[in-house]
Amino acid sequence: MKQLLLTLTVLFATTALFAQEKEIQQALLNGPSLRVEQTTAKLNKQPQAAFTMYLNAEAGQVEKQWATFVNTRYNCEFKKARKHYEALNIRMLDVAEGTVSLYSKVADDERGARLDVFVLSGTRYLESGEFPGESTKMTQVMESFARALYVEV
């Protein structure tokens, strides 16, 4: 009798662990993406180098959270101007030396909310080919924002 009870307990535990493992695998597959892509997007009707991220949230929510994130992190006035947000001549010491101008646009897309971020340093927009170090740092900033957004959401 003890052997039968022990066998049933082991069988039940194995089945439960297998089901839990499947749930964990599925959650990882369906989890949020933190991938930032270097793209070209339009800003004021002109194509510019941009950092693009797709987020599993609504555009309005992403726009509001991104503005709060930038305002708080960089102690600046990140305000709406036409169809985008902007902060001119700000210090982003974790991205670049000197001042930069930061622009962003958020729109709903079939892959989720699309966040395009443009960083103007001097007369050029940051891109990975010309500014590899700064581009990597900007990517890290956006990934940090995505993690904060997903915790909030």
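Not measured: the values here are computed from a predicted model. By convention here, the first residue in the shown sequence is residue 1.
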Presence of salt bridge, R111 and E37, under 4.0 angstrom |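 A salt bridge is present here (some side-chain N lies under 4.0 Å from a carboxylate O).
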Side chain to side chain, [X] and [Y], heavy atoms closer than 4.5 Å:
X    : Y    : value
T136 : Q140 : yes
M53  : V62  : no
V95  : L126 : yes

Decide side-chain contact (heavy atoms from CB on, under 4.5 Å) for D116 and H84; before the verdict, give the C-alpha distance in whole Å, the side-chain angles of both, and the deciding distance to 0.1 Å.
-> CA-CA 10 Å; D116 291 318; H84 63 271; over 6 Å; no
Is the backbone of [Y] close enough, under 3.5 Å, to the side chain of [X] for a donor and an acceptor to pair up by distance?
X    : Y    : answer
Y85  : K64  : no
S135 : E127 : yes
D108 : A59  : yes
Q38  : S128 : yes

[X]: what forms a side chain to side chain contact (heavy atoms under 4.5 Å, CB included) with it, not counting sequence neighbours?
X    : result
T99  : N89, R91
D94  : R73, Y74, M92, V141
E97  : none
T139 : V36, F51, E143

Which heavy atom in F78 sits nearest to a heavy atom in S104, and how many Å separate them?
->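 Scanning both residues, the minimum pair turns out to be CZ-OG, 3.3 Å.
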Calculate, to the nearest 0.5 Å, the distance between atoms [atom1] and [atom2] belonging to [X] and [Y] respectively.
X   : Y    : atom1 : atom2 : value
L55 : D109 : CG    : CG    : 11.0 Å
T52 : R35  : OG1   : CZ    : 10.5 Å
T40 : Q48  : OG1   : CD    : 9.0 Å

Residues which pass ring pair (Phe, Tyr, Trp, His ring centres under 6.0 Å) with F69, listed by chain and number, not counting sequence neighbours =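 So F69 forms a ring pair (Phe, Tyr, Trp, His ring centres under 6.0 Å) with W66, F145.
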Apart from Y103 itself, what residues make up its hydrophobic cluster when side-chain heavy atoms of I, L, V, M, F, W and Y under 4.5 Å apart count as a link, directly or indirectly?
->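 Same cluster as Y103: L43, L88, F118, L120, Y125.
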Heavy-atom neighbours of E130 CD exceed 12 at 6.0 Å |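 Count over threshold, so yes.
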